[in-house]
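Report on the following structure.
This one's a predicted model, so the numbers in the text were calculated from it and none came from an experiment. Chain letters run A, B, ... following the sequence lines, proteins first and then strands; every chain starts at 1.
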2 protein chains.
Amino acid sequence: MRDNQQQQRQQVRQKKDNSTKERRTYNRTGSHNQRGRRNGAVRRKPSSVKIIPLGGLGQIGMNITAFECNNQILVVDCGLAFPDEDMLGIDLVIPDVTYLKENAKKIRGLVITHGHEDHIGAIPYIEKELNMPIYATKLTMALIDNKLKEHGISEQVQKNVVSHGDKVKLGIFEVEFIKTNHSIADAAALAITTPAGVIIHTGDFKIDHTPLFGEAIDLAKFAELGSKGVLALMADSTNVERQGYTLSEKNVGKRLDGIFAEHLKGRMIIATFASNVDRVQHIINSAHKYGRKVAVEGRSMVNIITTASELGYLKIPKNTLIETDQIKNYPDDQIVLITTGSQGEQMAALSRMANSTHRKVSIVPSDTIIFSSSPIPGNEKNISKIMNELAIKGAKVVFQDTHVSGHACREEIRLIYALTKPKYAIPVHGEYRHLMRHKELAIEMGIPKENTFVLAEGDVLELNKRQGKVTGKVQAGGILVDGLGVGDVGNIVLNDRKMLSQNGLIIATVTLQRHGRQILAGPDIVSRGFVYVRESESLMEGAREVALAAVEECMERNISDWARIKNSIKEALSNYIWKNTKRNPMILPIITEV
Amino acid sequence: MRDNQQQQRQQVRQKKDNSTKERRTYNRTGSHNQRGRRNGAVRRKPSSVKIIPLGGLGQIGMNITAFECNNQILVVDCGLAFPDEDMLGIDLVIPDVTYLKENAKKIRGLVITHGHEDHIGAIPYIEKELNMPIYATKLTMALIDNKLKEHGISEQVQKNVVSHGDKVKLGIFEVEFIKTNHSIADAAALAITTPAGVIIHTGDFKIDHTPLFGEAIDLAKFAELGSKGVLALMADSTNVERQGYTLSEKNVGKRLDGIFAEHLKGRMIIATFASNVDRVQHIINSAHKYGRKVAVEGRSMVNIITTASELGYLKIPKNTLIETDQIKNYPDDQIVLITTGSQGEQMAALSRMANSTHRKVSIVPSDTIIFSSSPIPGNEKNISKIMNELAIKGAKVVFQDTHVSGHACREEIRLIYALTKPKYAIPVHGEYRHLMRHKELAIEMGIPKENTFVLAEGDVLELNKRQGKVTGKVQAGGILVDGLGVGDVGNIVLNDRKMLSQNGLIIATVTLQRHGRQILAGPDIVSRGFVYVRESESLMEGAREVALAAVEECMERNISDWARIKNSIKEALSNYIWKNTKRNPMILPIITEV
């Protein structure tokens, strides 16, 4: 309640600030009107808001942003990133939220734009430490809750389900959820009202005037906010390199219908993103229309279909869904199998079918396999491998025109700028070059160059009606999760893994007499990941001799410092191995004293 | 000479066979005319030719095919493959030519279609063992010779330079080199006349009616061969999934000119495939036209430009080429830098510029960097990383419409079928699903299904005028090259590398009393690539205790078999580590007896 009063006072103050600001802005850009200007308005320092991206900039993944104003913090999204190729053995990456931990008392809430992993995946890890109340739309919250349950912390987290159009007061902040289109249902953009002005965060979005199901994006709301005045726009940069518009989901719908009509014989196996509920709905509808039963494979697909249909996001006609076990009870031309694995993930259902390791489904030549997806960069080769395996089994693979992106292309991003007319532009959700291209686009749309900000993770951007400036830097970055370990694997460990992966290792063990100069045993040479030992006996025997000579020399020279002996063995072996093989295995001398 | 006479006799016999065959074919397909039918022709077993792909099928890379007839062998191409992602630490893969080694005396020559790595890269390795006379066009041979020189075997290999239109007699075979278009100059298709009929091998090709330089593909020759009768067509499958035609190199030319015209300020840095000589020529011409000097970076780029200009394939206007050192002596808008690294290769020049580790070139914001290339599948992420690094440095990155493929799309492949009218179709140069799509296309073009062959490496396909059949299998596959080692790394070593790369390793060393039951030292635990040891002291101390307990139990139970003691340590540690970390490092117990 106190927050409410404070908020109202704030709003009054804000109006005055608005008038001051708008005059200034007019003078600079010539594009704002002078509505609300009052004579004799007191010039005072306008309220500022800090925008602190703790992840998600310069990469696609791990989205999390803190908004800070009057010692209150609002957090938007809390995603994970999938490991880069050079993060060997790492399962996932979560954001470093040291800054939030240090300011935990200021946090008023965690607001989520949509239910993709790069926006919700780190929630269970972070909530274990921060336990923020969460605000999200229904499906998004259900997906979050699935995660919280897996981590056994669902009970202790406060979950607030909101609808599009709802306004939520979180301390000094007011957050309005705006309907958008994306490749998952229930996505929202956020209009965050702060004492410094309104910030629009688009989340991940596209403009789909003809979505297969549900409403189109609420463009009127963006226009309304624009006419009232928007301080800053933080918009999705993913597809900024693509000209024009992203195609409507309806195009995929037509194409899938066409494929169903063409392939009346044999089973249809369709791989798509589990979270693309509308796509799944369309597949189910087409299956129903063509008299096919639908089975579902893959844990995440089963989970999301269960969750989405429980919540009414997915309408499954009676007697349509069957268990995979039941497939054999129907003729092939009455079967559709929806499966995970469209990205070529090695452990996913489709991959196991392709490799004949799936317990229930074997690919046969009459199968038609549709990839209703596009490759996420980096997955191309794995997808290609699976397509080849499927082709070897005689199945027909279809992947052309069977997917549209969930992200806005250049013209859509332009439209959002045109509607919202922000003072500041802060490109988000993209690799660095996407952010830079987005910045160019914002400038083309009339945002002064000095009002566009390509931020790095940890940057503290301070905005008010008069100016925007990066005023500081907080700790930020990725924390590696490997099994149960969160943060116990870092660069040294990764470098070791890399070295081991490229050339393997050679271990030289030697047992020395305590306080003496006698070699009691060894050196013995053991290698892993280096060469076939049986075919390289003379090489290994040579290595033993080289190591022995190195140790003997140390003994003769009265060197008893283990570090020096080890170095000596390492150098001798390293030279020997390089000379004979042009390889650089890790060399690990181990000394035991008895 | 004897070969010649034999050849002529063969040709006579062949004519008779032709007549027999064509009657039969007519009956079967209704599409061949009866020209050449003679009454009373003696029916005898027609000559057969064996086609044995030893590499290059089911993958793009490592192309090599043997043609065998009357105990004579002709080899076409001898390429390498780049290692798959799971071939950790491997440098390259060469074909297993055991079959050729066992039949070395039968080999009449090695004919090369063009100078790309996947067609010539294994030559030095294979020539060390087989020393076949090589036949190739001028540029192709020069690129091969560069490799032979690097391996110090140029002198001992017989090199025969041929021109398009040349016919070469190689024992029983006659090989005609036919001009084609591809992304490297001097590419040739081969018409291989054998006693069993003419086989056309397209090599890698596209149809470019308007190449930037040089002649268009010799379609008339394909038509001429077709009208005389073609036994089999082995055609490039790379782009068979793409509809229509591959765009002409002229499109890239126009686009590059446009970029030059748009960017009159700042340096131009253009990354492309070193071997794309025509592209390089066009860049040089545009540079000259716009008053820019050209510097060249990257070893392979320097090598090919040197070789190509020495041979007259590249015409460089006087005073155009400068050393990279001289760049600083010219204003930025008078500089073009052509560089390697368009695939994001970590060690290539462009990558070093992007990472600020290039000794001579630093990226500045006024630079325009053009990727005149498209990503080879698997390289997308590395390319993206470099583009981001360049963007962070403020440079402009251009990559759209700056490249066309060197491979024929569906309509071009169809045209080659229409012109050559082969009896048999053998899709080559593609992953398995490309070969399958190509087979479908061949059937659409009127080749009977039973006359189309999707082969696997090592298959022996026997063709004659009457029938084609896979009649055997010879040893084939890839041999891994790692440093100086050829074939000394196999699955066991690769599996070890993979395991090490994912979870690192834990070594437990223990010193036992010889013939006794006393532990003299240890167990000591050493780990690499597992966790930060300093932050995991209690975990490692626990591991030591678990290992000690396992050894002590063995001692108490009087177990002295090292294998059993090791197993016991391994199992105990493995359980302990999994329970505490959910990780599976390699566990390596080492026992020493003193």
Side-chain angles (χ1 to χ4, degrees), chain A residues 58 84-85 88-89 241 375 377-378 380-381 384 387-392 397 400 431-433 435-436 482-485 488-490 492-494 496-505 507 509 511 520-522 524 526 528-532 535-536 580-583 586 588 590 592-594, chain B residues 58 84-85 88-89 241 375 377-378 380-381 384 387-392 397 400 431-433 435-436 482-485 488-490 492-494 496-505 507 509 511 520-522 524 526 528-532 535-536 580-583 586 588 590 592-594:
Chain A
D84 279 350
E85 278 165 26
L88 295 169
E241 284 175 335
E380 291 82 357
K381 265 207 146 169
S384 185
M387 288 184 175
N388 283 320
E389 290 296 330
L390 294 168
I392 287 172
V397 177
Q400 274 147 338
E431 297 176 16
Y432 195 82
R433 66 179 203 280
L435 305 180
M436 291 299 287
D482 182 359
L484 293 182
D488 66 348
V489 170
I492 297 175
V493 173
L494 289 182
D496 280 353
R497 287 185 186 172
K498 180 157 191 192
M499 191 170 181
L500 290 167
S501 77
Q502 293 301 302
N503 294 291
L505 91 159
I507 303 167
T509 54
T511 309
L520 295 180
D524 290 315
V526 174
R528 283 293 183 279
F530 177 57
V531 286
Y532 279 139
E535 291 180 12
S536 312
N580 283 282
T581 66
K582 291 277 178 291
R583 297 185 207 170
M586 179 185 283
L588 202 56
I590 298 180
T592 308
E593 254 183 13
V594 175
Chain B
D84 279 349
E85 279 166 25
L88 295 169
E241 285 176 335
E380 292 83 356
K381 265 208 145 169
S384 185
M387 288 185 176
N388 282 320
E389 289 297 331
L390 295 168
I392 287 172
V397 176
Q400 275 148 338
E431 297 176 16
Y432 195 82
R433 65 179 203 280
L435 305 181
M436 291 299 286
D482 182 0
L484 293 183
D488 66 348
V489 170
I492 296 174
V493 173
L494 288 182
D496 279 353
R497 287 185 186 173
K498 179 157 191 193
M499 191 170 181
L500 290 167
S501 77
Q502 293 301 302
N503 294 290
L505 92 157
I507 303 166
T509 53
T511 309
L520 296 180
D524 291 315
V526 175
R528 283 293 183 278
F530 176 57
V531 286
Y532 278 137
E535 291 180 13
S536 312
N580 283 282
T581 66
K582 291 277 179 293
R583 296 185 207 168
M586 179 185 282
L588 203 55
I590 298 180
T592 309
E593 255 183 12
V594 174

Non-hydrogen atoms of chain B under 4.5 Å away: do they reach the side chain of Ile590(A), the backbone, both or neither?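 For Ile590(A), side-chain heavy atoms alone lie under 4.5 Å from chain B.
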Under 4.5 Å heavy-atom distance to chain B, tell me which part of Val397(A) shows up: side chain, backbone, both or neither.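 Neither part, no heavy atoms under 4.5 Å.
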Sub-3.5 Å donor-acceptor pair from the side chain of [X] to the main-chain atoms of [Y], do we have one?
{"X": "Gln400(A)", "Y": "Glu241(B)", "answer": "yes"}
{"X": "Arg528(B)", "Y": "Asp496(A)", "answer": "no"}
{"X": "Gln502(B)", "Y": "Arg497(A)", "answer": "no"}

Going from [atom1] on [X] to [atom2] on [Y], what distance comes out if it is rounded to the nearest 0.5 angstrom?
{"X": "Thr581(B)", "Y": "Asp482(A)", "atom1": "OG1", "atom2": "CG", "result": "7.5 Å"}
{"X": "Leu500(A)", "Y": "Phe530(B)", "atom1": "CG", "atom2": "CZ", "result": "13.5 Å"}
{"X": "Asn388(A)", "Y": "Leu435(B)", "atom1": "CG", "atom2": "CG", "result": "8.5 Å"}
{"X": "Arg433(B)", "Y": "Met387(A)", "atom1": "CZ", "atom2": "CE", "result": "5.5 Å"}

How about Ile507(B) and Leu588(A): do any of their side-chain heavy atoms sit closer than 4.5 Å?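 Answer yes - side chains close enough.
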What pair of heavy atoms forms the shortest contact from Thr592(B) to Ala521(A), and how long is it?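 Minimum heavy-atom separation between Thr592(B) and Ala521(A): CG2-CB, 3.4 Å.
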Mind listing the closest non-hydrogen atom pair of Val493(B) and Val531(A) along with its distance?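 The answer is CG2-C, 3.5 Å.
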Step through the shown structure and confirm whether more than 12 heavy atoms of other residues, nucleotides or ligands are within 6.0 Å of NZ on Lys498(B).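 Incorrect, the count does not exceed 12.
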Tell me, yes or no, whether the heavy-atom count around Leu484(A) atom CG, taken from other residues, nucleotides or ligands under 6.0 Å, exceeds 12.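 Counting neighbours around CG of Leu484(A), more than 12 heavy atoms of other residues, nucleotides or ligands fall under 6.0 Å, so yes.
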For the candidates [options], which exhibits the highest count of non-hydrogen atom pairs separated by less than 4.5 Å from chain B?
{"options": "Ile392(A), Val594(A), Val489(A), Thr511(A)", "result": "Ile392(A)"}
{"options": "Met436(A), Lys582(A), Met499(A), Arg583(A)", "result": "Arg583(A)"}
{"options": "Asp84(A), Leu520(A), Asn503(A)", "result": "Asn503(A)"}

Between Ser384(B) and Glu431(A), is a side-chain contact (heavy atoms from CB on, under 4.5 Å) present by the stated rule, with each step listed? CA-CA 9 Å; Ser384(B) 185; Glu431(A) 297 176 16; 2.6 Å; yes
